[in-house]
**Student:** 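Sharing a structure, written as structure tokens. Questions coming.
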Protein chains: 2
Amino acid sequence: MDNDVRELRGAAGLSQQALGERLGVSRQTINAIEQGRYDPSLPLAIRLARFFGRTVEEVFHCDD
Amino acid sequence: MDNDVRELRGAAGLSQQALGERLGVSRQTINAIEQGRYDPSLPLAIRLARFFGRTVEEVFHCDD
DNA sequence: CCACAATGTAAAGCTCCTTTTACATCACCC
DNA sequence: GGGTGATGTAAAAGGAGCTTTACATTGTGG
């Protein structure tokens, strides 16, 4: 499962730290998600997608 | 976070067991999600939504 | 009444998500 | 060269997701 968080965050001009603060998670969590080290929880995935004005499916791509 | 899994499953005429088998999880997992005892993981949420032909946001509602 | 399918629930156990703390690198600026 | 911001990474700890096994309830059909 990969995702577009890094690109979307870059386009928004935010640091990992700043994005984490907006979403209520640590910068390490943002970093891990961007690198695909693990998938976010469902509520965090929804918050992330909503923050960037996308659907969950647009931001997170299942590799099937 | 509540969801429409029970209604969608009912409309599809499937038991919790049958839905679990289609999605590769146990019936207890389906049961717990329907009752809101916990949220599914992101990959399972995406599989559930896709199975019912909906987006994740249509099936899972954040209570904000 | 006796199966049987469907559902609810609980415990134990494993893996995954997230946090905090901490250190390390790299680039940029003064 | 020293400070600062952004990023990568690691360890420990706690909580959440999911499994298996097991038992209990309910409704339905023979």
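Note that the structure is a prediction, hence the values are computed from the model and not measured. Below, read A as the first sequence line, B as the second, and so on, with proteins coming before strands; counting in each chain starts at 1.
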**Student:** Which part of the nucleic acid, if any, lies within reach of B:T29 when heavy atoms closer than 4.0 Å are counted: base, sugar-phosphate only, or nothing?
**Tutor:**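 Since a base atom lies under 4.0 Å of B:T29, the category is base.
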**Student:** Answer with base, sugar-phosphate or nothing: what part of the nucleic acid does B:S26 contact at a heavy-atom distance below 4.0 Å?
**Tutor:**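 Here B:S26 touches the bases of the nucleic acid.
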**Student:** What range of DNA chain C does chain A touch, first nucleotide to last, counting atoms under 4.0 Å from its heavy atoms?
**Tutor:**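 Nucleotide range with atoms under 4.0 Å of chain A: C:dC17 to C:dA22.
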**Student:** Looking at every non-hydrogen atom in both residues, tell me the closest pair between B:L42 and A:P40 and how far apart they are.
**Tutor:**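 Heavy atoms of B:L42 and A:P40 come nearest at CB-O, 3.5 Å.
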**Student:** What's the shortest heavy-atom distance between A:L48 and A:F60, and which atoms?
**Tutor:**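 Smallest heavy-atom distance, with atoms named: CD1-CZ, 4.0 Å.
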**Student:** For the atom pair CZ (B:R9) and CG (B:L14), what is the distance rounded to the nearest 0.5 Å?
**Tutor:**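 Interatomic distance, B:R9 CZ to B:L14 CG, rounded to 0.5 Å: 8.0 Å.
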**Student:** Want to settle it: does B:I33 or A:Q17 sit nearer the 5' end of DNA chain D, counting the closest nucleotide to each?
**Tutor:** A:Q17
**Student:** Once hydrogens and angles are ignored, does a donor-acceptor distance under 3.5 Å link the base of D:dT7 to the side chain of A:E34?
**Tutor:**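 No such pair is found, so the answer is no.
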**Student:** Give me the bend of the helix from C:dC1-D:dG30 to C:dC30-D:dG1, using the axes of the five pairs at each end, rounded to 10°.
**Tutor:**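 Comparing the first five pairs with the last five, the axes sit 20° apart.
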**Student:** Taking the side chain from B:E57 and the backbone from A:V56, do they hold a donor-acceptor pair closer than 3.5 Å?
**Tutor:** yes
**Student:** Check the phosphate of D:dA16 against A:S41, side-chain N and O only, distance under 4.0 Å to OP1 or OP2. Yes or no?
**Tutor:** no
**Student:** Could you tell me whether a side-chain N or O of B:N3 sits under 3.5 Å from a main-chain N or O of B:I33, the two making a donor and an acceptor?
**Tutor:** yes
**Student:** How far does OG1 of B:T55 sit from CD of B:E58, to the nearest 0.5 angstrom?
**Tutor:** 3.5 Å
**Student:** Rounded to whole Å, please give me the gap between CD1 in A:I30 and P in D:dA6.
**Tutor:**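 The distance from CD1 of A:I30 to P of D:dA6 comes to 14 Å, rounded to the nearest Å.
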**Student:** May I have the distance from B:Q28 (atom CD) to D:dT20 (atom C1'), rounded to whole angstrom?
**Tutor:**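 Value for this atom pair: 8 Å.
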**Student:** Between A:Q35 (side chain only) and A:A32 (backbone N and O only), is there a donor and an acceptor less than 3.5 Å apart?
**Tutor:**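 No, because the side chain of A:Q35 does not come within donor-acceptor range (under 3.5 Å) of the backbone of A:A32.
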**Student:** Rounded to the nearest angstrom, tell me the gap between atom CE in A:M1 and atom C1' in D:dG17.
**Tutor:**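 In whole Å, D:dG17 C1' lies 15 Å from A:M1 CE.
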**Student:** Hey, is the main chain of A:L23 close enough, under 3.5 Å, to the side chain of A:R47 for a donor-acceptor pair?
**Tutor:** yes
**Student:** For B:Q35, report the nucleic acid contact type (base, sugar-phosphate, nothing); a contact means any heavy atom under 4.0 Å.
**Tutor:**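 If one applies the 4.0 Å heavy-atom cut-off, B:Q35 turns out to touch the sugar-phosphate alone, with no base involved.
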**Student:** In whole angstroms, how far is the C1' atom of D:dA16 from the CG atom of A:L44?
**Tutor:** 14 Å
**Student:** Take atom CG of A:L19 and atom C1' of D:dG5, then tell me their distance rounded to the nearest Å.
**Tutor:**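 About 16 Å, once rounded to whole Å.
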**Student:** Contact class for A:R6 vs. all strands (heavy atom < 4.0 Å): base, sugar-phosphate, or nothing?
**Tutor:**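 Contact class for A:R6: sugar-phosphate only.
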**Student:** Let me confirm one number: the CZ-SG distance from A:R50 to B:C62, rounded to the nearest 0.5 Å.
**Tutor:** 5.5 Å
**Student:** Once you round it to whole Å, what is the distance between P of D:dC18 and CD of B:Q16?
**Tutor:** 15 Å
**Student:** Verify, without hydrogens or angle tests, whether B:E34 (side chain) and B:N31 (backbone) share a donor-acceptor contact under 3.5 angstrom.
**Tutor:** no
**Student:** Given atom CG of B:N3 and atom P of D:dG17, what is their separation to the nearest angstrom?
**Tutor:** 12 Å
**Student:** Select from B:R37 and B:P43 the residue whose nearest nucleotide in DNA chain C is closer to the 5' end of that strand.
**Tutor:** B:R37
**Student:** At under 4.0 Å between heavy atoms, what does A:G24 touch on the DNA or RNA strands: base, sugar-phosphate, or nothing?
**Tutor:** sugar-phosphate
**Student:** Hey, is the side chain of A:N31 poking within less than 4.0 Å of OP1 or OP2 on D:dG8, counting only N and O atoms?
**Tutor:** yes
**Student:** Is it the case that D:dG8 (base atoms only) and A:R27 (side chain only) share a donor and an acceptor within less than 3.5 Å, ignoring hydrogens and angles?
**Tutor:** yes
